[in-house]
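Numbering starts at 1 and runs along the sequence shown. Note that this is a predicted model, so its numbers are computed, not measured. Hydrogens, waters and symmetry mates play no part in the numbers below; they use all other heavy atoms, side chains included. Every number for a ligand or one of its atoms is a count from 1 in the order of the listing.
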Amino acid sequence: MEGVDHLAFERNKAQFDVDAMKIVWAGSSHALEVSDRMSRLVASDPAFRKDNRAMLGRKELFKNTLRKAAYALKRIIELRLSEEEASMLRSFVDEPAFTDLHWGMFVPAIKGQGTEEQLKKWLPLAQKMQIIGCYAQTELGHGSNVQGLETTVTFDPKTDEFVIHSPTLTSSKWWPGGLGKISTHAVVYGRLITDGQDHGVHGFIVQLRSLDDHLPLPGITVGDIGMKFGNGAYNTMDNGVLRFDHVRIPRDQMLMRVSRVTREGKYVQSNVPRQLVYGTMVYVRQTIVSDASTALSRAVCIATRYSAVRRQFGATGGNPESQVIDYKTQQARLFPLLASAYAFRFVGEWLKWLYTDVMTRLQANDFSTLPEAHACTAGLKSLTTSATSDGIEECRKLCGGHGYLCSSGLPELFAVYVPTCTYEGDNIVLLLQVARHLMKTISQLGSGKKPVGTVAYMGRVEQLMESRSDVQKAEDWLNPSAVLGAFEARAARKSVACAKNLSKFSNPEEGFLELSNDLVEAARAHCQLIVVSKFIDKLQQDIPGKGVKQLLEVLCSIYALFHLHKHLGDFLSTGCITSKQGSLANDQLRSLYSQVRPNAIGLVDAFNYTDHYLSSILGRYDGNVYPKLYEEAWKDPLNDSVIPDGFQEYIRPMLKQQLRNARL
Ligand SMILES: CCCCCCCCCCCCC/C=C/C(=O)SCCNC(=O)CCNC(=O)[C@H](O)C(C)(C)COP(=O)(O)OP(=O)(O)OC[C@H]1O[C@@H](n2cnc3c(N)ncnc32)[C@H](O)[C@@H]1OP(=O)(O)O
Ligand SMILES: Cc1cc2nc3c(=O)[nH]c(=O)nc-3n(C[C@H](O)[C@H](O)[C@H](O)COP(=O)(O)OP(=O)(O)OC[C@H]3O[C@@H](n4cnc5c(N)ncnc54)[C@H](O)[C@@H]3O)c2cc1C
């Protein structure tokens with residue numbers, strides 16, 4: 001039935017102010033107002049239709065993406081949208097495109113690594129989209145190991161130019177988004193060579209295609225690397241391959257904030273740490289954490305609404321069957337994901353603050369918090385993207401068979417999302433970076449250097465090695481200090497165990513390789529502690545709205561106790577809690593799930609997603625699932641004709657032949 005809210009009875013159960021929760025989720029009333037306005041603008045414009053993506057061939061799909069990108073820019077200019085509004089509008093268009101790399105990496109790379117003069121020259125061109133850029137770092141043979149890149153950039157003092165060259169097949173740039181077909185420019189990473197000396201990897205602005213006819217410039221071979229996982233999905237992006245044959249660029253196109261090459265060919269390092277060359281990755285990893293909460297909340301919204309609509313078993317006395325959301329097993333799979341979406345939102349907010357703080361300090365030549373920023377962005381990017389990818393897949397299963405239909409929105413969401421576990425740093429490689437930071441922190445404890453920031457708890461390591469949880473009854477686990485104490489003790493003990501084992505190796509690098517599985521686990525425990533502690537910190541703030549804070553406290557406890565239950569082996573083997581305390585945590589979880597149940601629909605409504613953005617029949621706001629699923633099936637091109645193409649050609653003769661054979 002059109003116009004009827006099939007979930008109204010669920011919405012009436014909510015015990016909290018959903019509108020106030022919308023503000024908490026968005027970050028502020030202003031952010032909510034802007035995102036609400038931009039999402040409705042996109043949803044109401046047929047030019048941004050996206051329900052046919054899975055049916056389109058690659059070329060059609062790609063052309064469609066280009067049309068939308070150009071149209072989005074036209075609307076941004078016509079409506080005189082601010083940078084904030086424009087960025088929101090692009091995100092609600094919800095289609096991976098070259099613009100993501102242009103705005104998300106090319107512009108930040110210039111901003112972060114360019115000199116004042118370079119910013120003046122390149123930023124206006126990029127901001128007005130008079131040039132389109134991408135981020136060309138990864139090569140066919142080298143992605144994670146950035147120091148291993150092979151592209152050479154050799155200074156020629158005779159002409160005051162750099163000569164860029166791809167010396168081997170494996171040095172071909174491979175993967176950069178936007179590179180394949182659209183970018184006119186790229187920030188290219190290669191080994192800087194002056195006077196025969198290799199100075200390692202640096203970034204350079206390189207023009208790839210003519211601004212007149214879009215043809216590749218001399219010496220440049222460029223194209224798309226081919227179809228990727230899933231139909232539609234990330235295939236709207238032209239991930240590319242690029243080779244240079246002694247391509248010349250002016251000297252002033254080296255990004256020179258970190259180091260520069262003089263007219264005479266002298267390599268000069270500034271006082272800025274060389275790791276700033278990696279700064280764009282830190283920036284993007286930070287944005288990926290907030291995006292994880294968006295992707296997970298979308299999947300959770302779909303699975304929650306559908307779980308309230310779907311009924312199986314339990315019809316008694318003429319009553320309808322039970323809503324599947326009432327099954328405890330469904331709740332135990334769904335509600336921790338709901339809690340994770342909120343947890344990632346808040347840790348993402350905090351990470352944005354940390355990043356902004358680091359940037360402010362860098363301006364004042366204070367580089368002290370850079371290692372912390374690197375470890376936090378790397379670790380949280382890894383933790384949240386792995387959990388979100390797994391969470392989207394779990395949401396698909398929570399929707400039973402219908403979750404497997406493209407019209408559920410979940411297959412495409414998964415296919416678009418899952419490469420976040422790999423890009424911007426493979427998730428294991430990034431956790432190993434966190435582990436290095438942890439091991440370094442422990443090794444410096446003896447020197448009197450006080451650990452600060454997210455590793456501050458290591459300063460209490462002796463106490464944490466001895467501490468015992470004082471939880472005696474299930475409700476004690478609702479106390480934030482009980483939860484924090486257990487997570488800190490577990491993280492500290494896992495790191496200390498690694499450090500002790502490492503010290504047994506005469507060659508520390510050999511030890512690091514040998515113990516890498518344990519180190520990854522220690523890093524994960526540390527990152528989970530950060531998420532838990534930032535959720536708890538969030539709850540210290542003044543949060544207005546009836547029942548809002550109380551419900552967030554419930555979600556915070558669910559996030560923490562779910563992970564305590566999931567990693568019980570860790571907590572028990574490190575002796576942080578007893579098995580009795582572990583089972584009390586599980587008892588408490590059950591009670592917390594019951595508290596979420598009446599509020600579940602309200603909690604996903606608070607994400608404020610339009611039906612256009614969700615792109616899911618199962619997750620429709622009005623819950624009118626079955627008639628719409630039925631309608632949608634008939635729209636499939638296979639149902640355009642009663643008898644499909646190929647039947648007369650292949651199946652009819654086969655049937656006839658089989659019938660003939662049977663008669664013989
Ligand atoms: C408004 C716009 C909105 C738009 C939407 C936004 C979305 C954005 C687009 C999203 C699409 C993204 C598409 C994907 C893009 C990409 O994937 S780009 C390529 C990304 N590549 C990687 O991430 C490579 C991963 N590898 C690395 O980062 C590094 O090489 C490494 C593994 C972390 C380190 O390798 P190693 O060789 O050991 O390191 P060294 O180079 O020797 O350095 C070691 C020291 O440097 C410290 N360090 C390392 N990285 C950083 C860093 N980023 N920042 C600061 N410091 C760093 C490290 O801790 C070591 O320090 P010390 O121990 O003190 O020596
Ligand atoms: C969709 C997508 C978009 C991308 N966009 C861009 C872009 O715009 N620009 C760009 O420059 N790049 C881009 N990339 C490339 C991306 O950054 C790399 O693929 C990523 O950094 C992983 O590197 P890799 O492919 O070399 O993986 P590998 O390092 O080869 O990983 C393979 C396996 O080896 C393991 N491994 C590697 N090193 C270690 C180690 N030291 N210890 C233990 N295990 C290890 C990994 O865990 C993994 O299991 C993109 C990639 C994808 C998939």
Side-chain angles (χ1 to χ4, degrees), residues 83-84 86-91 93 96-109 111-112 127 133-149 170 173-180 183 186-189 200-201 203 225 228-230 233-235 237-240 242 273-288 290-291 294 358 362 367 369-378 381-382 415-437 439-441 443 509 512-513 516-517 519-520:
E83 212 173 294
E84 181 193 19
S87 148
M88 287 248 187
L89 181 137
R90 277 194 294 269
S91 72
V93 171
F98 64 93
T99 43
D100 297 352
L101 278 301
H102 176 82
W103 295 108
M105 294 204 81
F106 181 69
V107 170
K111 273 189 186 165
Q127 274 159 345
C134 65
Y135 185 87
Q137 181 177 293
T138 306
E139 297 175 353
L140 188 56
H142 307 94
S144 297
N145 181 10
V146 179
Q147 289 302 320
L149 294 181
T170 47
K173 292 294 171 189
W174 189 272
W175 270 118
L179 167 68
S183 293
V187 169
V188 173
Y189 289 82
V201 172
I225 59 170
K228 292 151 297 212
F229 188 95
Y234 214 80
N235 290 299
M237 184 72 86
D238 53 333
N239 293 93
L242 167 68
R274 82 171 171 85
Q275 281 86 356
L276 231 69
V277 171
Y278 300 154
T280 314
M281 293 186 277
V282 175
Y283 163 71
V284 180
R285 286 171 193 156
Q286 169 257 137
T287 68
I288 286 176
S290 291
D291 290 349
T294 308
V358 171
L362 290 183
F367 309 114
T369 53
L370 197 58
E372 157 93 340
H374 168 49
C376 289
T377 48
K381 180 272 182 188
S382 175
V416 168
Y417 193 77
V418 76
T420 54
C421 296
T422 305
Y423 66 53
E424 284 309 332
D426 167 85
N427 278 355
I428 295 298
V429 171
L430 293 186
L431 284 177
L432 288 168
Q433 288 288 303
V434 179
R436 280 194 189 276
H437 182 59
M439 294 306 105
K440 201 166 178 176
T441 305
S443 71
E509 281 309 308
F512 200 86
L513 286 174
S516 53
N517 273 322
L519 286 158
V520 161

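- Not a single heavy atom of R90 sits closer than 4.0 Å to an atom of ligand 1.
- Nearest protein heavy-atom neighbour of atom 42 (N) of ligand 2: L432 CD1, 3.5 Å.
- Atom 28 (P) of ligand 2 has S144 OG, 3.7 Å as its closest protein atom, hydrogens excluded (heavy atom only).
- The option from L149, L179, T138 that lies nearest to atom 12 (N) of ligand 2, judged by heavy atoms, is T138.
- Heavy-atom proximity to E424, at under 4.0 Å, picks out these atoms of ligand 2: 17 (O).
- Close contacts of ligand 2 with I428, meaning ligand atoms under 4.0 Å from a residue heavy atom, involve 47 (O).
- The atoms of ligand 2 that sit less than 4.0 Å from any heavy atom of Y234 are 1 (C).
- Between the choices H374, H142, M237, the shortest heavy-atom distance to atom 49 (C) of ligand 1 belongs to H374.
- Comparing R274, H437, R285, R436 against atom 44 (C) of ligand 1, the shortest heavy-atom distance belongs to R274.
- For E509 and R436, the salt-bridge test passes: some basic side-chain N is under 4.0 Å from an acidic carboxylate O.
- For atom 53 (N) of ligand 1, the choice among Y423, Y278, Y283 with the nearest heavy atom turns out to be Y278.
- Distances from atom 50 (C) of ligand 2 to the heavy atoms of W175, Y189, F98 put W175 nearest.
- Closest to atom 46 (C) of ligand 2, if we only count protein heavy atoms, is D426 OD2, 3.3 Å.
- Protein heavy atom nearest atom 39 (C) of ligand 2, with residue, atom name and distance: V429 CG2, 3.7 Å.
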